[in-house]
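Here is the structure we will look at, set down as structure tokens.
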Amino acid sequence: MIKATGIVKSYGDLKVLKGIDLEVAEKEVVAIVGASGAGKTTLLQIIGTLDKADAGSVLINGQDPGQLSQRALAAFRNRNIGFVFQFHQLLPEFTALENVCIPALIAGKSRPEAVVRASELLEFLGMSDRLDHKPSELSGGEQQRVAVARAIVNSPALILADEPSGNLDTENKKELHNLFFRLRDTFGHTFIIVTHDPQLASMSDRTIRIKDGLITR
């Protein structure tokens, strides 16, 4: 599913990643852990095609997105990768339903088709009575479920989550953790999750630790 080879990344004189090799299998839930500044988020951004490595390559289902034009890369990312962030990144002027529809509309789906798909996902996530609520009218846990629905609306094979439970209370954190595995089992997503949360890391199929820009065993 994912094969990263020799990933090197620097910002000025600071070498953040120093030669990362990583493989993730289809439908695997992998946690990436390590101290702040170890390079976890940088690696996630490179895998997600949001940033470019200085050296090395990332293959997603055998394809190297680094060889695509910017326009083709954006389309590839929209179809194949979903993102879940710590602070949700929902658009405040849109309702929960509209936020979830946006990636589907960008992908070229008709509005009725996008609404049906988004409504089904929000119902699956227990949000059927909150479709018309804006983010400011939702709890933190509800906002994160909307963000998860948005991430999977185009049925991407890969979900990348950066500290997804870092801004949630204990109860909502537990619900989110269980949700990731329910989504994997129901829809077959592959998850790569950057986390400081030992509970989420312990639940994953595999934990990868990064220290000083390298994977340690």
Side-chain angles (χ1 to χ4, degrees), residues 1-2 4 7 17 20 22-36 38-51 58 60-61 65 77-91 96 99-100 102-103 121-122 124-127 135 138-210 215:
M1 173 64 187
I2 304 295
I7 301 298
L17 300 177
I20 296 286
L22 172 66
E23 293 192 32
V24 178
E26 185 179 4
K27 299 182 183 179
E28 192 174 16
V29 178
V30 172
I32 299 179
V33 302
S36 297
K40 306 183 300 299
T41 293
T42 299
L43 177 60
L44 201 73
Q45 290 174 339
I46 289 171
I47 292 172
T49 74
L50 298 175
D51 200 354
V58 176
I60 300 176
N61 279 334
R77 186 187 304 124
N78 180 258
R79 290 192 311 270
N80 294 282
I81 307 172
F83 297 90
V84 181
F85 303 100
Q86 178 176 352
F87 295 106
H88 323 308
Q89 307 292 349
L90 300 176
L91 297 177
N99 266 282
V100 177
I102 289 169
L121 287 174
L122 287 167
F124 178 83
L125 298 175
M127 294 286 292
L138 302 173
S139 70
E142 288 171 336
Q143 289 182 51
Q144 195 60 298
R145 276 183 276 166
V146 174
V148 170
R150 180 187 58 190
I152 65 176
V153 70
N154 287 334
S155 302
L158 176 63
I159 307 295
L160 302 179
D162 192 1
E163 296 289 356
S165 61
N167 201 39
L168 300 178
D169 60 31
T170 301
E171 182 178 350
N172 282 306
K173 185 181 299 187
K174 183 177 179 180
E175 288 183 5
L176 182 66
H177 292 182
N178 289 327
L179 174 61
F180 286 152
F181 294 92
R182 187 156 62 100
L183 290 170
R184 186 270 301 273
D185 295 340
T186 303
F187 299 115
H189 298 297
T190 300
F191 281 86
I192 302 177
I193 306 167
V194 164
T195 183
H196 281 102
D197 193 301
Q199 180 187 6
L200 180 53
S202 68
M203 291 171 66
S204 64
D205 299 322
R206 184 160 53 104
T207 299
I208 294 167
R209 182 172 297 278
I210 295 183
I215 291 177

Problem - Straight-line distance of I46 CD1 to I20 CD1, nearest 0.5 Å - result: 9.0 Å
Practice task
Would you please name every residue forming a side chain to side chain contact (heavy atoms under 4.5 Å, CB included) with L91, sequence neighbours left out?
Solution key: E93, F94, N99, I102
Completion exercise
To the nearest 0.5 Å, atom CD1 of I192 lies from atom CG of D162 at 12.0 Å
Handout entry: Backbone N/O of L50 and side chain of Q45: donor-acceptor pair under 3.5 Å
Key = no
Handout entry: Donor-acceptor contact present, side-chain T195 to main-chain A201, <3.5 Å
Key = no
Exercise for the section: Answer yes or no: is there a donor N or O on one side and an acceptor on the other, between the side chain of Q144 and the main chain of F85, under 3.5 Å? Expected result: yes
Exercise for the section: Would you confirm whether K40, through its side chain, and A35, through its main-chain N or O, come within 3.5 Å as a donor-acceptor pair? Expected result: yes
Problem - Inter-residue atom distance L179.CG - S165.OG, 0.5 Å rounding - result: 12.0 Å
Exercise for the section: Measure across I210 and A38 and return the closest heavy-atom pair with its distance rounded to 0.1 Å. Expected result: CG2-O, 3.2 Å
Practice task
Evaluate the side-chain proximity of I152 to F124: yes if any heavy-atom separation is below 4.5 Å, no if none is.
Solution key: no
Exercise for the section: Would you mind reporting whether I2 and I60 have side-chain heavy atoms less than 4.5 Å apart? Expected result: yes
Handout entry: L160 side, atom CG; I47 side, atom CD1 - distance, nearest 0.5 Å
Key = 6.5 Å
Practice task
Report yes or no: does E26 contribute a side-chain atom to a donor-acceptor pair with the main-chain N or O of M1 at less than 3.5 Å?
Solution key: no
Handout entry: Flag side-chain contact, heavy atom, 4.5 Å: V24 against L158
Key = no
Practice task
Provide the closest heavy-atom pair for P164 versus L200 in the form atom of the first, atom of the second, distance.
Solution key: CG-CD2, 4.4 Å
Problem - Heavy-atom pair with the smallest gap, counting every atom of P103 and N78 - result: O-ND2, 3.4 Å
Completion exercise
Heavy-atom closest pair (L90 atom, P135 atom, distance to 0.1 Å) is CB-CG, 3.8 Å
Completion exercise
Separation between CG (N172) and CZ (R145), nearest 0.5 Å, reads 7.0 Å
Handout entry: Six-ring centre of F83, R77 cation under 6.0 angstrom, axis tolerance 45°
Key = no
Exercise for the section: Would you check if V148 and L176 make a side-chain contact, meaning some heavy-atom pair closer than 4.5 Å? Expected result: yes
Exercise for the section: Quick one: list whatever passes side chain to side chain contact (heavy atoms under 4.5 Å, CB included) with K27, sequence neighbours left out. Expected result: R184
Handout entry: Side chain D205, main chain V30, donor-acceptor under 3.5 Å
Key = no
Handout entry: Whether N154 side chain and P156 backbone form a donor-acceptor pair below 3.5 Å
Key = no
Practice task
Please lay out, stage by stage, how L22 and L43 fare under the test side-chain contact (heavy atoms from CB on, under 4.5 Å).
Solution key: CA-CA 10 Å; L22 172 66; L43 177 60; 4.2 Å; yes
Practice task
Run the numbers on I159 and F180 for side-chain contact (heavy atoms from CB on, under 4.5 Å), then give the verdict.
Solution key: CA-CA 10 Å; I159 307 295; F180 286 152; 5.6 Å; no
Fill in the blank from the handout: Here the pair of heavy atoms bringing L138 nearest to A96 is CD1-CB, 4.3 Å
Handout entry: R150 side chain to Q89 backbone, donor-acceptor under 3.5 Å
Key = yes
Handout entry: Minimum heavy-atom distance between P65 and V58, given as atom pair plus value
Key = CD-O, 3.4 Å
Completion exercise
Between the CD atom in E163 and the NE2 atom in H196, the distance rounded to the nearest 0.5 Å is 5.5 Å
